[in-house]
Every structure is written in C-alpha cells, then in structure tokens.
Amino acid sequence: MPFDALHDWCSLVERDLDPGAEMLHFLRQEIPDAESVDPWQIEAITSNAQTVALLVCRQAGKSCVLATRGVRELKNGGTTICLAPAERQTREITRKVQHYLRATDLVVERATQTEIECSNGGRFIAVPASGATIRGYTADLLLVDEMAYLPGANGGEDVVVALLPMLKDNGQTFYASTPAGKSNLFASLFLEPKDNVHRIKVPGTSIPRLAPRVERLRSQLSATRFRQEVLCEFLSDGLSYFDLSTIENATSTEAAICPRF
C-alpha cells in the first residue's frame, strides 16, 4: 500500500512538471488506451505567444489542445471564453473539458452544457459565434474553434473584433481551424503572417496514427478536397470543386481548349 501511494505521488509530480504527461492523463479520461501526445500538441499547450494559430487537419486532436488549455487555465483560477461557429460545437468542447477535469483535484461548483465554474474561481464559458452573445465578459484566455467557419461579414473579422476587447493585457488567444478558402481572417494569419503569432500547421500526412484515414480520404476525395481537408492548403474560396489556380492553368492566351481573352 505505501508503494502504491508513492507511485500515485510520483505520477502527480510528473504531471505537474511535464505538460505532455498531464495532457496524456487528460486524454486517458476520454480515451483509456491513449499512448502518447503528438509533439505539435505539446508545442501548442506550452506556447507563451500572445496569439497561437493552429492550422490542423480533422481528427488530429486540435479540440484536445483547446480543452487542455482550458483546464490548465481553470487550475490557475482564470476565465476562459471559448467560441465556436455553432452551439453544438460549444457543447462538445465543454463536455471534453468536463472529462479532463476528472483528472484534476479541482472542485466543480457549477456545470452546464456550456459553462463550468470551479471552487478556485476558475470559469470556462463556451458560446456560439455571435457578437450579441459574446460581449460583456473579461477573459484570461480566448479559444476560437473552427475559426475559418465563423459566420458574418469579413470572414469572421466582425466576430473577432467583438471578442478581443475582452482579453486581459497579459491574456492569450488560440485560433484553431481546418482551412476554408482564402477569404477569411483565419487564412490571413498564415497567408499574410504577422509578428507575435505562433503558427502551427499540422497536415494529416505528418501524423503516423492517421495514415489509414489519410489513405482512405485520398482514394475518396477529389484532389482539391484532399489538399484542403488533409494537407491543410488554402484553396480559392474553399467551396469550388476545382481550385481556381487549376482552372487558370488550364487556360491559354494561345487559344487552346479554353482560350483566355
């Protein structure tokens, strides 16, 4: 019995000192047989940049990163505002945070499908992307999931403009998404790089555990869709079956099949 207690204590110390071990412990609350955390995930959760932009393919674990950062902020007693395009997505990430909280000693005083309050004063609030619903908070951490799909004019810029004034001067913002064309604020973070933004790009081909899924998608999707959904490339408007550059390359000033006038 004393050995068991020592083992538990050592495991707790390891998680406190190693963010990767802590995140793996969180993951195992939801996926008991999880074996490791991806290097890009550790890079993201340990980043000290004021703005972190995550360009990540689907099923790679970006929501796990956002949930982990949310739990770490709860442990600090801070307030996290999590924004997503749809209410269903806000409920899903809140559910993930609640799972991860089981791996901590935090006491949850109140929990709903979109909000969590802990006894140390920490709060996690998930709201859908509407300027009317996100005003009025003050946050230590902002998490924006599927940023490329934010509704409204200017490619989601109006929503972000309503969100950013809530952030404290020393706060941190995480933007995460798969690509959805070039005409949105998320795309500009990568296509028009700005200072003080930590950019992380994670195509599906860079993650060995996704290899079977990648090959399945390669065989079922068009080349353009595969490049967008798996390789995380920003292509035209994100909706066209053919990329605009492909169409342009198929035209010719010399009167080929599709002459350019």
Side-chain angles (χ1 to χ4, degrees), residues 8-30 34 37 41-54 61-84 87 89-129 133-145 147 159-160 162-176 196-198 200:
D8 292 343
W9 181 82
C10 290
S11 297
L12 180 61
V13 171
E14 180 187 24
R15 295 196 296 270
D16 286 341
L17 297 177
D18 183 355
E22 180 184 50
M23 184 173 179
L24 180 59
H25 190 56
F26 291 164
L27 288 176
R28 286 174 174 166
Q29 306 307 306
E30 191 174 24
V37 175
Q41 293 177 311
I42 298 175
E43 179 184 353
I45 63 175
T46 58
S47 176
N48 292 319
Q50 189 170 33
T51 303
V52 181
L54 305 176
K62 67 178 181 298
S63 61
C64 298
V65 168
L66 299 183
T68 296
R69 283 295 292 115
V71 173
R72 287 165 66 87
E73 192 60 47
L74 282 172
K75 291 174 65 177
N76 293 333
T79 296
T80 297
I81 304 296
C82 180
L83 186 75
E87 186 175 355
Q89 294 163 312
T90 65
R91 292 197 300 266
E92 180 62 23
I93 196 166
T94 305
R95 183 194 65 81
K96 195 176 290 288
V97 170
Q98 290 172 342
H99 274 298
Y100 291 2
L101 280 172
R102 299 172 186 171
T104 73
D105 57 1
L106 288 175
V107 177
V108 177
E109 292 191 336
R110 188 175 76 88
T112 68
Q113 290 185 324
T114 57
E115 189 169 349
I116 302 168
E117 293 185 7
C118 295
S119 59
N120 67 343
R123 299 178 70 194
F124 182 90
I125 303 166
V127 292
T133 61
I134 62 179
R135 294 180 183 274
Y137 295 105
T138 300
D140 300 277
L141 175 66
L142 298 178
L143 306 175
V144 183
D145 194 17
M147 181 187 179
V159 175
V160 174
L163 186 69
L164 286 179
M166 306 177 193
L167 187 66
K168 294 181 180 179
D169 291 341
N170 61 343
Q172 190 176 35
T173 303
F174 275 72
Y175 299 122
N196 302 319
V197 177
H198 185 170
I200 300 175

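If you read the sequence from its start, that first residue is 1, and numbering goes on from there.
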[X] side chain vs [Y] backbone, donor-acceptor pair below 3.5 Å:
X	Y	result
D145	A84	no
R28	A34	yes
Q98	T112	yes
Q41	G61	yes
E115	A111	no
T104	L101	yes

Residue pair R69 / Q172, side-chain donor-acceptor N/O under 3.5 Å: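 There is such a pair between these side chains.
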Any side-chain donor-acceptor pair under 3.5 Å between E43 and H198?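 Present: a donor and an acceptor within the cut-off.
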Can you name the ring-ring contact (aromatic ring centres under 6.0 Å, His included) partners of F26, sequence neighbours left out?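 Listed in chain order: Y100.
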Pairs involving residues 62-82, ordered by first then second residue, that meet ring pair (Phe, Tyr, Trp, His ring centres under 6.0 Å) (sequence neighbours left out):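 Residue pairs with at least one partner in residues 62-82: there are none.
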Quick check: do L74 and L106 have side-chain heavy atoms less than 4.5 Å from each other?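 Of all side-chain heavy-atom pairs linking L106 with L74, at least one is under 4.5 Å.
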Give the C-alpha distance, both sets of side-chain angles, the deciding distance and a yes or no for side-chain contact (heavy atoms from CB on, under 4.5 Å) between L143 and F124. CA-CA 10 Å; L143 306 175; F124 182 90; 4.1 Å; yes
The test is side-chain contact (heavy atoms from CB on, under 4.5 Å); show your working for C64 and L27 and say whether it passes. CA-CA 8 Å; C64 298; L27 288 176; 3.7 Å; yes
Derivation of the side-chain contact (heavy atoms from CB on, under 4.5 Å) call for N196 and Q50: CA-CA 7 Å; N196 302 319; Q50 189 170 33; 5.7 Å; no
